[in-house]
Amino acid sequence: MSFNPRILIAEDESGIADTLQYVLKSDGFIPVWCATAEEAIAQFAQEPPALAILDIGLPDLNGFELFKRLQALNQSMGGPEVPMVFLTARSDEIDRVVGLELGADDYIAKPFSPRELVARVRTILRRSARSGPGASPTGAASNHGAPHQNPAPASPAGSQAPALPFLLDNERMQIRYYGRLLELSRYEFGLLRLLVQRPGRVFTRDELLQLVWDDASDSFDRTVDAHIKTLRAKLKAIAPDVEPIRTLRGTGYALNEELPSKA
């Protein structure tokens with residue numbers, strides 16, 4: 001991370017934008033304020049920031065749509081992935097889930113603590129640095145020098161049962177479910193990979209935060225639950241009658257060991 005990272009702010013309320021700029025500048029960042037989505041796209045195209053903070057309720061474009069456009073612009077420019085955070089006055093769970101499903105790195109509801117926001121920005125930038133080239137979503141280095149291996153079915157260790165309907169490709173960071181490629185965010189991939197590699201093993205929420213998010217202490221409440229919810233929706237879209245992820249109330253989550261071989 002550079003000494004003075006640029007932070008793009010897409011926020012139409014000047015009072016909130018002023019607060020964001022002040023706290024970020026005080027902490028060594030270079031805030032770039034845009035009151036509209038159009039300005040944000042232009043600034044992003046001119047110079048991609050280290051991180052973007054996007055208000056959902058912008059006057060000219062929905063924040064979710066802005067996220068998708070910036071993501072596509074980022075990919076077309078061929079640079080490193082820019083982490084993005086949603087900022088909104090709405091506290092409905094559906095807003096949070098939609099934001100996380102799109103692949104956002106965090107979700108902050110107004111009113112917010114300026115100190116907490118800056119702490120989250122720093123945490124996300126650290127995660128982004130660890131998840132860059134040569135790192136996996138769980139923070140472990142990957143062996144890019146090794147020859148490519150074809151994805152192999154995941155099956156319970158020591159079990160004679162048919163292979164689970166998941167195919168993992170760690171090098172491409174892809175997972176197929178009943179032959180269909182899943183469109184996963186980095187944290188959804190990390191969660192599902194962990195569950196698939198240990199079918200039947202119960203992971204507590206704290207364990208999942210530690211193993212997938214790296215900096216669990218700075219992750220906001222119910223992050224794991226929100227990501228599990230989006231994962232279930234994506235899996236159900238492929239196999240509506242199959243329940244691959246079990247919830248152990250008050251404990252955590254596990255991958256079902258008795259999944260049908262065909263959807």
Side-chain angles (χ1 to χ4, degrees), residues 1-11 16-34 40-41 43-56 63 66-75 77-88 96 99-110 112-142 173 184-191 208-221 223-224 226-227:
M1 183 170 59
S2 62
F3 182 70
N4 296 111
R6 292 175 72 254
I7 307 296
L8 179 67
I9 303 168
E11 168 61 63
I16 293 177
D18 288 343
T19 299
L20 288 170
Q21 291 181 90
Y22 175 77
V23 297
L24 288 169
K25 189 178 294 184
S26 299
D27 212 59
F29 296 100
I30 301 174
V32 179
W33 175 39
C34 301
I41 293 170
Q43 282 288 345
F44 196 103
Q46 181 178 332
E47 183 181 350
L51 179 143
I53 299 174
L54 311 179
D55 181 30
I56 289 179
L66 173 60
F67 173 90
K68 289 188 282 189
R69 294 195 186 184
L70 292 180
Q71 205 173 41
L73 179 59
N74 192 186
Q75 292 173 354
M77 297 173 73
E81 182 179 352
V82 174
M84 304 189 205
V85 176
F86 283 120
L87 184 66
T88 181
R96 182 177 68 182
L100 293 173
E101 186 174 20
L102 286 173
D105 292 82
D106 209 337
Y107 186 104
I108 301 174
K110 306 172 187 175
F112 56 87
S113 161
R115 181 176 297 178
E116 179 187 0
L117 183 140
V118 170
R120 291 191 187 185
V121 166
R122 288 206 171 277
T123 297
I124 292 167
L125 289 175
R126 288 198 300 269
R127 289 176 185 162
S128 180
R130 285 196 293 265
S131 299
S136 71
T138 57
S142 62
M173 292 177 60
L184 304 174
S185 70
R186 71 177 75 172
Y187 299 124
E188 289 170 350
F189 173 82
L191 275 173
L208 292 171
L209 282 171
Q210 292 287 342
L211 292 169
V212 178
W213 272 265
D214 297 327
D215 235 327
S217 61
D218 290 314
S219 295
F220 62 98
D221 292 342
T223 295
V224 171
H227 280 77

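Separating the CD atom in Q71 from the CG atom in L66 is a distance of 11.0 Å, to the nearest 0.5 Å. Between R186 atom CZ and E81 atom CD the span is 4.0 Å, to the nearest 0.5 Å. Rounded to the nearest 0.5 angstrom, M84 CE and I124 CD1 are separated by 12.0 Å. The SG atom of C34 sits 12.0 Å away from atom CD1 of I53, with the distance rounded to the nearest 0.5 Å.
The side chain to side chain contact (heavy atoms under 4.5 Å, CB included) test applied to V32 returns R6, L8, Q43, not counting sequence neighbours. For L73, the side chain to side chain contact (heavy atoms under 4.5 Å, CB included) partners two or more places apart in sequence, or in a different chain, are I41, F44, A45, S76, M77.
Of the possible polar contacts, one joining the N4 side chain to the G28 backbone as a donor-acceptor pair under 3.5 Å is found. The backbone N or O of S185 sits less than 3.5 Å from a side-chain atom of E188, completing a donor-acceptor pair.
Residues V85 and R120 are not in side-chain contact: their nearest non-hydrogen atoms beyond the backbone lie 4.5 Å or more apart. Taking 4.5 Å as the limit, some side-chain heavy atom of L51 sits within range of a side-chain heavy atom of P83.
Nearest heavy atoms, A50 versus L125: O-CD2, 3.4 Å. The heavy-atom pair separating N74 from V82 by the smallest distance is OD1-N, 2.8 Å.
Ring geometry for H227 versus Y187: interplanar angle over 60°, hence perpendicular rather than tilted (30 to 60°).
Checking L54, I16, I9 one by one against L87, the side chain to side chain contact (heavy atoms under 4.5 Å, CB included) holds for a single residue, I16.
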Please tabulate, one pair per line, all N/O donor-acceptor pairs under 3.5 Å involving side-chain atoms of residues 17-26, not counting sequence neighbours.
from	atom 1	to	atom 2	distance (Å)
T19	OG1	G15	O	3.2
Q21	NE2	A17	O	3.4
S26	OG	Y22	O	2.7

